[in-house]
Protein chains: 2
Amino acid sequence: MKRAPVTAQDVADYAGVSRTAVSRAFTPGASVSAETRAKVQRAAEALGYQVNHLARGLIRSESGLVALIAAEIETPYRSALLSQLAQGLLAAGKTPILIATDRSDDSVRQALQHAISYRTEAAVILSGMPDSALCDICLRNGMRLVLVNRDEARKGTLQIRLDDHEAGVTAFNTLRRAGCAALALVSSAAGTPSLAGRIAGFRHAAEAAGVTIQERSTGATSYQTGLEIGTDLLSSTTPPDGIFCVTDLLACGVLDAARCRFGLGVPADLSVIGFDDIAQAGWESYALNTFAQPTGEIAATAIDWLSDPDGETRVVQLPVRMVWRKSVRVPA
Amino acid sequence: MKRAPVTAQDVADYAGVSRTAVSRAFTPGASVSAETRAKVQRAAEALGYQVNHLARGLIRSESGLVALIAAEIETPYRSALLSQLAQGLLAAGKTPILIATDRSDDSVRQALQHAISYRTEAAVILSGMPDSALCDICLRNGMRLVLVNRDEARKGTLQIRLDDHEAGVTAFNTLRRAGCAALALVSSAAGTPSLAGRIAGFRHAAEAAGVTIQERSTGATSYQTGLEIGTDLLSSTTPPDGIFCVTDLLACGVLDAARCRFGLGVPADLSVIGFDDIAQAGWESYALNTFAQPTGEIAATAIDWLSDPDGETRVVQLPVRMVWRKSVRVPA
DNA sequence: CTGAAAGCGCTTACAG
DNA sequence: CTGAAAGCGCTTACAG
């Protein structure tokens with residue numbers, strides 16, 4: 001019972017065939033007689049044999065591995081996307097490796113090197129941004145790269161992004177149309193490209209409309225930050241009556257500050273819009289108007305591109321859809 | 001720029017040493033002169049070389065891979081545990097592979113076979129239960145197994161579980177002490193060992209105290225189910241004033257049913273206790289009294305055992321701690 | 001400290 | 001259809 005994994009040779013001996021035959025029995029479309037294949041299959045079953053993908057990957061130089069690189073994977077949006085990616089990859093016959101980072105660029109660097117070590121066929125990056133040099137090394141090592149919600153383009157990669165700017169504009173217009181007079185924009189200190197896009201969109205729309213808005217961006221992109229900023233905003237002498245939170249987590253915090261701490265009615269006294277459409281946005285306590293991240297589509301797009309042997313440099317911009325619930329006043 | 005990964009031979013040529021030297025330069029503690037090592041390091045840097053772990057794993061017969069097998073990985077508790085596990089594994093020098101299942105036993109079977117294919121050194125199972133035969137095959141292939149919150153013991157595995165029964169008892173006592181007269185027990189149709197344990201504890205305590213309780217268990221273990229059961233329970237002619245939900249997700253649903261649909265005050269009109277201590281339990285809208293899953297400890301225990309070369313069959317029962325917030329009335 | 005050689009478990013031309 | 005042989009990229013005794 002020592003660690004003595006079953007090998008193709010064992011199966012060959014047991015079945016009375018060559019190990020070449022065993023190999024072929026496990027290769028779809030290889031030329032083996034049905035009889036031999038059956039014999040091998042029986043032997044494999046009896047011995048509990050599984051092809052060693054490490055060895056197979058080595059010789060075919062395709063490991064079947066795909067690295068998923070992300071920070072804060074316990075977060076609702078992140079885990080939802082990861083789930084889609086993992087399931088899609090598995091369904092496509094690939095095996096996801098999970099590399100948790102701390103969103104620093106150095107952390108992505110390590111993650112990518114890690115991925116190279118395992119000769120992953122690709123890496124899907126959800127957090128942080130690798131520099132060009134690193135990307136080149138990956139490419140040179142035959143690795144495909146897909147960047148999700150990252151901003152800068154990199155040669156040879158697939159970049160999937162949303163129309164964040166547009167969402168910011170829509171958020172502004174929606175709040176105005178709801179009759180909100182004092183608008184606020186809530187963000188975190190993270191400063192990732194997608195958050196920046198939403199902020200810019202909202203700002204531009206406000207400028208174009210000639211209205212001034214309050215802005216807050218401190219701390220992590222979390223519920224806690226939303227709670228703090230919300231409390232701060234609402235206790236001012238000129239509290240906003242319409243808030244766009246760049247993230248649902250932030251929005252939930254703002255909503256709780258409004259309701260639990262100030263006894264405000266939503267949307268009667270305050271309208272709030274979020275972004276991501278995490279599960280909690282649909283919970284009755286929040287019933288948050290938000291923008292849906294098309295996680296399924298993101299995953300599908302990534303996997304399609306990876307399945308295409310000659311996927312060239314590409315940027316895919318996915319449309320973002322507003323989910324209307326009950327946190328924004330309906331114009332009379 | 002074809003997929004021509006850099007090899008140790010390339011580095012050797014570039015550095016003007018043998019490929020044995022290259023290998024040694026990347027093996028901690030190997031006997032190489034500092035000079036050679038430096039030369040190799042420089043060459044590797046210039047070429048963007050990373051040791052091929054597939055090949056190294058093959059020859060050392062230790063892949064460095066650990067499979068994480070779980071269903072519903074986008075769920076708060078699950079993703080929190082996965083995050084801890086992934087980070088811990090990475091810190092311990094292991095690489096996590098993520099296999100999403102659908103919690104059916106057949107799905108775990110496939111997952112495990114998948115793991116064997118990659119010669120993972122271990123598999124951590126969070127969902128589903130492999131049968132004995134399968135466990136044996138894993139063991140025979142030199143794979144370690146850790147079962148989290150699974151019930152039955154399997155030879156050669158590490159089993160980590162919580163004192164679910166005790167939690168059920170504590171929930172009952174807490175609700176009684178809070179003065180609740182009509183108690184209900186809310187669960188799902190999942191029937192996993194941990195849920196069953198909590199149910200049993202609550203039931204036993206009730207029987208011992210001679211009080212009858214209402215029970216509901218339908219649907220998935222989700223917010224939605226909690227909302228439905230809560231609505232159903234609260235619209236009866238004899239609504240409960242104290243509810244133990246076997247899971248926080250369920251509890252959040254019940255809480256929302258009570259507040260949003262029946263205008264009930266919590267804990268004034270209704271006391272609720274959950275289990276898991278997911279992030280949302282701490283959000284102000286819920287402020288849920290619950291039992292904390294020691295995810296950090298679970299991960300640490302698993303990784304410790306995996307790091308111990310001769311980890312024998314073991315069952316570790318972790319204590320579960322009640323987190324007191326505001327969803328249970330404080331006895332006068 | 002260093003390198004030539006054997007071997008990890010597989011696959012894939014190459015003959016038959 | 002089948003098997004003996006070479007080779008994927010690495011590591012590790014084995015000599016020197």
Side-chain angles (χ1 to χ4, degrees), chain A residues 2-40 43-44 47-65 116-121 140-143, chain B residues 2-40 43-44 47-65 116-121 140-143:
Chain A
K2 249 313 192 60
R3 44 170 53 231
V6 186
T7 163
Q9 187 60 259
D10 299 334
V11 178
D13 294 347
Y14 188 101
V17 298
S18 71
R19 72 166 165 286
T20 305
V22 176
S23 184
R24 281 199 264 257
F26 283 97
T27 305
S31 67
V32 228
S33 67
E35 190 190 356
T36 320
R37 175 162 267 152
K39 236 187 322 189
V40 171
L47 266 30
Y49 172 75
Q50 294 286 129
V51 175
N52 184 333
H53 274 62
L54 263 30
R56 170 180 279 184
L58 189 58
I59 207 162
R60 288 199 182 154
S61 59
E62 44 180 54
S63 63
L65 263 18
I116 295 177
S117 303
Y118 279 97
R119 298 297 187 265
T120 63
E121 298 176 3
R140 202 184 318 157
N141 277 283
M143 194 163 116
Chain B
K2 250 309 191 61
R3 46 170 49 231
V6 187
T7 165
Q9 187 60 259
D10 299 334
V11 178
D13 294 348
Y14 189 101
V17 298
S18 71
R19 73 165 163 284
T20 306
V22 176
S23 183
R24 283 199 262 256
F26 283 98
T27 305
S31 68
V32 228
S33 68
E35 190 189 356
T36 321
R37 176 162 266 151
K39 238 188 320 191
V40 170
L47 264 31
Y49 171 75
Q50 294 286 131
V51 175
N52 184 335
H53 274 64
L54 262 33
R56 170 180 280 184
L58 189 59
I59 207 162
R60 287 199 183 154
S61 58
E62 42 179 54
S63 63
L65 262 18
I116 295 177
S117 303
Y118 279 98
R119 298 297 186 266
T120 63
E121 300 176 3
R140 201 185 318 157
N141 276 283
M143 195 163 116

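Here the structure is a predicted model, which is why all the values come from computation and not from measurement.
- Of all heavy-atom pairs spanning A/A55 and B/L58, the tightest one is CB-CD1, 3.8 Å.
- Among the heavy atoms of the strands lying under 4.0 Å from B/Y49 are primed sugar atoms or P, OP1, OP2 only; no base atom is included.
- When atom types are taken as modelled, the side chain of A/E121 and the backbone of A/G64 share a donor-acceptor pair closer than 3.5 angstrom.
- Applying the ring-ring contact (aromatic ring centres under 6.0 Å, His included) criterion to B/Y14, with sequence neighbours excluded, gives no partner residue.
- Counting only distance, with no hydrogens or angles, the side chain of B/R24 and the backbone of B/A30 share no donor-acceptor pair below 3.5 Å.
- Side-chain nitrogen and oxygen atoms of B/S23 include none within less than 4.0 Å of the OP1 or OP2 phosphate oxygen of D/dG9.
- Taking the side chain to side chain donor-acceptor pair (under 3.5 Å) definition, one finds that B/S33 meets it with B/T36, sequence neighbours left out.
- Distance, A/R19 CZ to C/dT12 P: 15 Å, rounded to whole Å.
- In this structure, B/N141 and A/Q50 have side chains that are not in contact, with every pair of non-hydrogen atoms separated by 4.5 Å or more.
- B/K39 has its NZ atom 14 Å from the P atom of C/dC1, to the nearest Å.
- B/N52 is listed as a side-chain neighbour of A/R119, based on a closest heavy-atom distance under 4.5 Å.
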N/O to N/O distances under 3.5 Å, protein versus nucleotides 2-4 of chain D:
unit_1	atom_1	unit_2	atom_2	d
D/dT2	OP1	A/S33	OG	3.2
D/dT2	OP1	A/T36	OG1	2.5
D/dT2	OP2	A/S33	N	3.0
D/dT2	OP2	A/S33	OG	3.4
D/dT2	OP2	A/T36	OG1	2.9
D/dG3	OP2	A/S18	N	3.4
D/dG3	OP2	A/S18	OG	3.0
D/dG3	N7	A/R24	NH2	2.5
D/dG3	O6	A/R24	NH1	3.4
D/dG3	O6	A/R24	NH2	3.2
D/dA4	N6	A/T20	OG1	3.0

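- Secondary-structure annotation of DNA chain C gives the stems C:1-3 with D:14-16, C:5-12 with D:5-12, C:14-16 with D:1-3, with a stem taken as at least 3 successive Watson-Crick or G-U pairs whose two distances both fall under 3.5 Å.
- A heavy atom closer than 4.0 Å to some atom of DNA chain C occurs in B/L58, B/I59, these being the qualifying members of residues 50-60 of chain B.
- You'll find the side chain of B/T120 reaches within 4.5 Å of the side chain of B/M143, heavy atoms only.
- The distance between atom CZ of A/R119 and atom C1' of D/dG9, rounded to the nearest whole Å, is 8 Å.
- No side-chain heavy atom of A/D10 sits under 4.5 Å from any side-chain heavy atom of A/Y49.
- For A/V40 against A/V11, the heavy-atom pair with the smallest separation is O-CG1, 3.9 Å.
- By the side-chain contact (heavy atoms from CB on, under 4.5 Å) test, A/R56 pairs with A/F26, A/T27, A/V51, A/H53, A/R60, sequence neighbours left out.
- In this structure, OH of B/Y118 is placed 22 Å from P of C/dC8, rounded to the nearest angstrom.
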